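To start, the structure itself, in structure tokens.
Given the structure is predicted, the values throughout are model-derived calculations rather than measurements. We use all heavy atoms of the structure for the numbers below, so side chains are in, but hydrogens, waters and symmetry mates are not.
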Amino acid sequence: MDLSDTDLALVSVLAQGLPMVSHPYRAVGAQLGLDEAQVMARIQAMRDSGVIRRFGIIVRHHELGFKANAMSVWSIPDEEVGKVGRLLGDAPEVTLCYRRPPRLPLWPYNLFCMIHGRDRAEVEETIGALNRRFVLGAYPHAVLFSTRRFKQTGARYGRPIHQAAAAE
């Protein structure tokens, strides 16, 4: 799918988040000179073509009371890491799971999972439960708790249209 300038502007506006109004697509369209139906049709076309793969929300977990956050890391043998990653990725208590190459000799870990909880003990119990459920206790692992939040947003592509217009 070739994206038009309007599509690119629409993606830029959507990346800022939907407005909290009764007709968010109408409000998005008003920024772009489109009506609500046109906005929804363009989004559907981009979804159908795979340009937009999913719509999601960014939950500001601190504001919801989830104040303990940890990246749990494991060193899983290469022949098992795909299977273990899928198991952990399907676990509802894991919000993010990915594989990265280890950086030996200092960093042996290759599987990363983000766990959120209301307090540190809850996160530690969740990680312990994952270790027991998926029999991960024999693999080297570590838990890295967050100490400060610097930024929390979704992906942004291009400048917001108001900034682009000001630059012209």
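Between Arg120 and Glu125, no side-chain nitrogen of the basic residue sits less than 4.0 Å from a carboxylate oxygen of the acidic one, so the salt-bridge criterion is not met. Using a cutoff of 4.0 Å between basic side-chain nitrogens and carboxylate oxygens, Arg26 and Asp35 are not scored as salt-bridged. Salt bridge annotation for Arg149-Glu63: present, with a cationic side-chain nitrogen under 4.0 angstrom from a carboxylate oxygen.
At distances below 3.5 Å, at least one donor-acceptor pair connects side-chain atoms of Asp7 with backbone N or O atoms of Ser4. Ser12 places no side-chain N or O within 3.5 Å of a backbone atom of Leu8 that could act as its donor or acceptor partner. A donor-acceptor distance shorter than 3.5 angstrom exists from the side chain of Thr95 to the backbone of Met114, with no hydrogens or angles considered.
In plain terms, the two heavy atoms of Gly50 and Arg53 that are nearest each other are O-CG, 3.6 Å. Across every non-hydrogen atom of Pro24 and Pro19, the tightest pair is CB-O, 3.6 Å. Between Gly85 and Cys97 the shortest heavy-atom distance is O-SG, 3.7 Å. Of all non-hydrogen atoms in Ala27 and Val21, the two that sit nearest each other are CB-CG2, 4.0 Å.
Here CG of Leu96 is found 12.0 Å from CG of Asn69. Values are rounded to the nearest 0.5 Å. Remark: Thr126 OG1 to Arg133 CZ distance equals 9.0 Å, nearest 0.5 Å. A distance of 8.0 Å separates CG of Leu10 from CZ of Arg42, quoted to the nearest 0.5 Å. Here CZ of Arg132 is found 11.5 Å from CD1 of Ile127. Values are rounded to the nearest 0.5 Å. Here OG of Ser146 is found 8.0 Å from CE of Met71. Values are rounded to the nearest 0.5 Å. In this structure, NE2 in His141 is found 4.5 Å from CG in Asn131, a value given to the nearest 0.5 Å.
Ring pair Phe112/Tyr98 is parallel by interplanar angle, where below 30° counts as parallel and above 60° as perpendicular.
Two residues are said to be in side-chain contact when any heavy atoms from C-beta on lie closer than 4.5 Å; Phe134 and Leu88 meet this criterion. Glu124 places a side-chain heavy atom less than 4.5 Å from the side chain of Phe145. Contact annotation: the side chain of Val123 never approaches that of Arg118 to less than 4.5 Å [non-hydrogen atoms, C-beta and beyond]. Looking only at side-chain heavy atoms (C-beta outward), Glu93 and Leu130 come within less than 4.5 Å of each other. Using a 4.5 Å cut-off on side-chain heavy atoms (C-beta onward), Tyr139 and Glu80 make contact. For the pair Asp119/Lys67, no side-chain contact is recorded, criterion being any heavy-atom separation below 4.5 Å from C-beta on. The shortest distance between side-chain heavy atoms of Arg103 and Pro101 falls below 4.5 Å.
By the side chain to side chain donor-acceptor pair (under 3.5 Å) test, Asn110 is found to be paired with no residue, residues two or more places apart in sequence or in another chain being considered. Contacts of Asp78 classified as salt bridge (charged side-chain N to carboxylate O under 4.0 Å, His left out), with partners at least two apart in sequence or in another chain: Arg99. In this view, Glu36 and His23 satisfy the side chain to side chain donor-acceptor pair (under 3.5 Å) rule, not counting sequence neighbours.
When the side chains of ILVMFWY residues are joined at heavy-atom separations under 4.5 Å, either directly or via intervening members, Val13 and Met20 end up in two distinct hydrophobic clusters. The hydrophobic clustering, which links ILVMFWY residues whose side-chain heavy atoms are closer than 4.5 Å, places Ile115 and Tyr109 apart.
Within 6.0 Å of the CG atom in Asp5, the count of heavy atoms belonging to other residues, nucleotides or ligands does not exceed 12.
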Walk me through whether Tyr25 and Ile43 qualify under side chain to side chain contact (heavy atoms under 4.5 Å, CB included).
CA-CA 10 Å; Tyr25 298 108; Ile43 292 170; 3.6 Å; yes
Hey, mind stepping through Gln38 and Thr6 against side chain to side chain contact (heavy atoms under 4.5 Å, CB included) and telling me if it holds?
CA-CA 11 Å; Gln38 290 171 312; Thr6 300; over 6 Å; no
Pair Val28-Leu18, side chain to side chain contact (heavy atoms under 4.5 Å, CB included): steps then yes or no
CA-CA 7 Å; Val28 167; Leu18 291 174; 4.1 Å; yes
